J.: 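Sharing a structure, written as structure tokens. Questions coming.
Small disclaimer: the values here were computed from a predicted structure and weren't measured. All values below come from the heavy atoms of this structure, side chains included, with hydrogens, waters and symmetry mates left out. Throughout, a chain's letter reflects where its sequence line sits, starting with A, and its residues are numbered from 1.
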Number of protein chains: 2
Amino acid sequence: MAKSDTHMTMRVVNHIRTLIETGDLQPGDRIPPEREFARRLRISRASLRTGIGYLAAMGVMDVRHGVGTFVADGPPELGKSSLSLLGALHGFQSWQMFEARRILESELAALAAERGREQHISAMSEEIAEMYATVNDPIEYLIHDVRFHRVIAQASGNPILAALMETITSALYDERRKTAERSRDLKESADLHREIYRAIRSRNSREARAVMERHLTAAQSAQDLEISGGPPPPPENGQATKKARRKPVAV
Amino acid sequence: MAKSDTHMTMRVVNHIRTLIETGDLQPGDRIPPEREFARRLRISRASLRTGIGYLAAMGVMDVRHGVGTFVADGPPELGKSSLSLLGALHGFQSWQMFEARRILESELAALAAERGREQHISAMSEEIAEMYATVNDPIEYLIHDVRFHRVIAQASGNPILAALMETITSALYDERRKTAERSRDLKESADLHREIYRAIRSRNSREARAVMERHLTAAQSAQDLEISGGPPPPPENGQATKKARRKPVAV
DNA sequence: TATATTTTAGTGGTCGGACCTCTGCAGCAC
DNA sequence: GTGCTGCAGAGGTCCGACCACTAAAATATA
């Protein structure tokens, strides 16, 4: 994969990676204190920290000040703000985010209909109930909304697609919460979610995909109206002209 | 988003993020030397390096020993080995990788058929020609294969989906290259790619999606046969039981 | 005794400043 | 011109000290 000799960073990364692959390290496990670990690996604490920082940025490690460093637990997740950062860099458009989400979640819903288990079905049911119970509390509603979609992702049986979805939705979350307070028609939203749920429960993957797509398209429209008047869905693209500035930019 | 006060790391990240958002920093730009930058930000070089390391892990910065640190150029890309790392951690299955790729690329092909521009069409055409020209050189063939799919991703007009695809394919690349040498039937593969190309050129998104799906399904079968006898597509999943080990694991 | 407070040990976070290694290029020898 | 050498500038590594946070033990208090 990469050189394991030079570059202390990669040495650390590969070492830990190996520990994970051999099962010596599992989610939730704590690694030794930095000072001790560094001594054992015959490298400086600074270099060790560089490697750990890399893994932490990837979402593989969870560093807690004053407590310890742990292998990430919970659902797989790429770097939390990675997409947000990349978006700032490459100027991602809002409609592109929504489109990506729409495509991913539609397929996720279809897979969930095929593979979802009882536990997932009932978990969805619970979230639906909570949504109906909080139609007048947009903030709370949003929480269950997010959970519902997350359960579908789990039910799909494909943690990779689930992780990708999580990456996108987390980049979208801040924006959603801002507009959530002014949300209305949560009843309609809940109804749509219920339709999705029913499609999944009845193992109708085509229907699940279709309703999910309808739901997310509607959500996008609502969001666009909240933000600015004109939602600009017209797509385009182009290859950025290469350039190679040699001097550091002013900061 | 995150605290900008404490945590030097996030201070650096947010600072650079702001520079990018305001357009002061653009892809390809070089940031000041670490020593100078650190002095200017009133922080230690070590802290600055931590922040830069975070951004580098995210694929936002490109650090070159002895040269300088640059804002990432080229196509957007999440952390290169992030999925690979997460896979080791959560035990992603090969079929899950393929499934994710199949879904993403099928939709990408459909979008490319709707939005692809002349430049993309001709770029695809070139790669197809190269593929036919290298049917007896699997290694070289693979290069053009990858490029072809990358052009489609660009033609889709959605850089987010393109970045997600890139993340998956790069995690799959090593495995592909290993088996590439023993590949046969590259002629058939090229034919399929040509079908995809034609569908896109004729703006037939349904056809493009269908053929792409067929192509990737075939590719998966071929890969499975190369690796081990039985491809285990049966899906399942379950919620890992939470645990909280307190003591560091042996290393 | 039960509870609130303080102390303390352990862990990650920051610092600065020395030295190493790599890269690109100017300048020199051929 | 071609090729080698040396140098300057950039990131990489290291050390050792000290700061900041957390959780749990020890102590004070009701």
J.: Nearest whole angstrom, please: distance from the P of D:dC15 to the CD1 of A:Ile43.
T.: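 After rounding, the reported distance stands at 10 Å.
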J.: Nearest whole angstrom, please: distance from the C1' of D:dG12 to the CZ of A:Arg11.
T.: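 Between C1' of D:dG12 and CZ of A:Arg11: 13 Å.
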J.: Under 4.0 Å from any atom of DNA chain C, heavy atoms only: list the residues of residues 45-56 of chain A that qualify, in numerical order.
T.: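 Heavy-atom contacts with DNA chain C come from A:Arg45, A:Arg49.
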J.: Between A:Gly68 and B:Gly66, name the one whose nearest nucleotide on DNA chain C is closer to the 5' end.
T.: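 The answer here is A:Gly68.
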J.: Atom CE of B:Met8 to atom P of C:dC15: distance rounded to whole Å?
T.: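 Whole-Å distance recorded here is 6 Å.
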J.: In whole angstrom, what separates A:Met61's CE from C:dG13's P?
T.: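 Result: 11 Å.
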J.: Does B:His65 make a side-chain donor-acceptor contact with the base of C:dT23, cut-off 3.5 Å?
T.: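 Check fails, no donor-acceptor contact within cut-off.
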J.: Main chain of B:Gln96, side chain of A:Asn158: is a donor-acceptor contact present, judged purely on distance under 3.5 Å?
T.: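 Judged by distance alone, yes, a pair lies under 3.5 Å.
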J.: Within less than 4.0 Å of OP1 or OP2 of C:dT11, is there a side-chain N or O belonging to A:Thr69?
T.: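 No, no such contact exists.
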J.: Please tell me if the side chains of B:Arg17 and A:Leu85 come closer than 4.5 Å, counting only heavy atoms from C-beta onward.
T.: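 The answer is yes, as the side chains (C-beta and beyond) meet within the 4.5 Å cut-off.
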J.: Counting only side-chain heavy atoms from C-beta out, which of D:dG11, C:dG12, D:dT13 sits nearest to A:Val63?
T.: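 Closest nucleotide to the A:Val63 side chain: C:dG12.
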J.: Of B:Arg147, B:His144, B:Glu140, which meets side-chain contact (heavy atoms from CB on, under 4.5 Å) against B:Glu130?
T.: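 Going through B:Arg147, B:His144, B:Glu140 one by one, the side-chain contact (heavy atoms from CB on, under 4.5 Å) with B:Glu130 is satisfied by B:His144 alone.
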J.: Walk me through it: do A:Ser122 and A:Ser125 pass the test side chain to side chain donor-acceptor pair (under 3.5 Å)?
T.: CA-CA 5 Å; A:Ser122 55; A:Ser125 177; over 6 Å; no
J.: Can you tell me the distance, in whole Å, between the CG atom of B:Leu41 and the P atom of C:dT14?
T.: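 Spelled out: CG on B:Leu41 to P on C:dT14 is 14 Å.
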J.: From D:dA10, D:dT13, C:dG13, pick the nucleotide closest to the side chain of B:Arg35?
T.: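 Selected nucleotide: D:dA10.
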J.: In this structure, how many angstroms lie between the C1' atom of C:dG16 and the CZ atom of B:Arg42, rounded?
T.: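 About 16 Å, once rounded to whole Å.
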J.: Would you mind reading off the distance between B:Arg39 atom CZ and D:dA10 atom P, rounded to a whole angstrom?
T.: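 Going from CZ in B:Arg39 over to P in D:dA10 covers 11 Å.
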J.: Mind checking whether A:Gln154 and A:Pro75 have side chains closer than 4.5 Å, heavy atoms only?
T.: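 A:Gln154 vs A:Pro75: side chains apart.
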J.: Compute the ring centroids of A:His7 and B:His65, then answer whether they are less than 6.0 Å apart.
T.: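 So the answer is no for these two rings.
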J.: Without placing hydrogens or testing angles, list every side-chain donor-acceptor pair under 3.5 Å for residues 163-170 of chain A, not counting sequence neighbours.
T.:
| unit_1 | atom_1 | unit_2 | atom_2 | d |
| --- | --- | --- | --- | --- |
| A:Glu166 | OE1 | A:Arg150 | NE | 3.3 |
| A:Glu166 | OE2 | A:Arg150 | NE | 3.1 |
| A:Glu166 | OE2 | A:Arg150 | NH2 | 2.7 |
| A:Thr167 | OG1 | A:Ala163 | O | 2.9 |
| A:Thr169 | OG1 | A:Met165 | O | 3.0 |
| A:Thr169 | OG1 | A:Glu166 | O | 3.2 |
| A:Ser170 | OG | A:Glu166 | O | 3.3 |
| A:Ser170 | OG | A:Thr167 | O | 3.1 |

J.: Counting side-chain heavy atoms from C-beta on, which of C:dG16, D:dA10, D:dC14 comes nearest to B:Ser44?
T.: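 Closest of the options to the side chain of B:Ser44: C:dG16.
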J.: Once you round it to whole Å, what is the distance between P of D:dT22 and CZ of A:Arg64?
T.: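 Atom CZ in A:Arg64 sits about 11 Å away from atom P in D:dT22.
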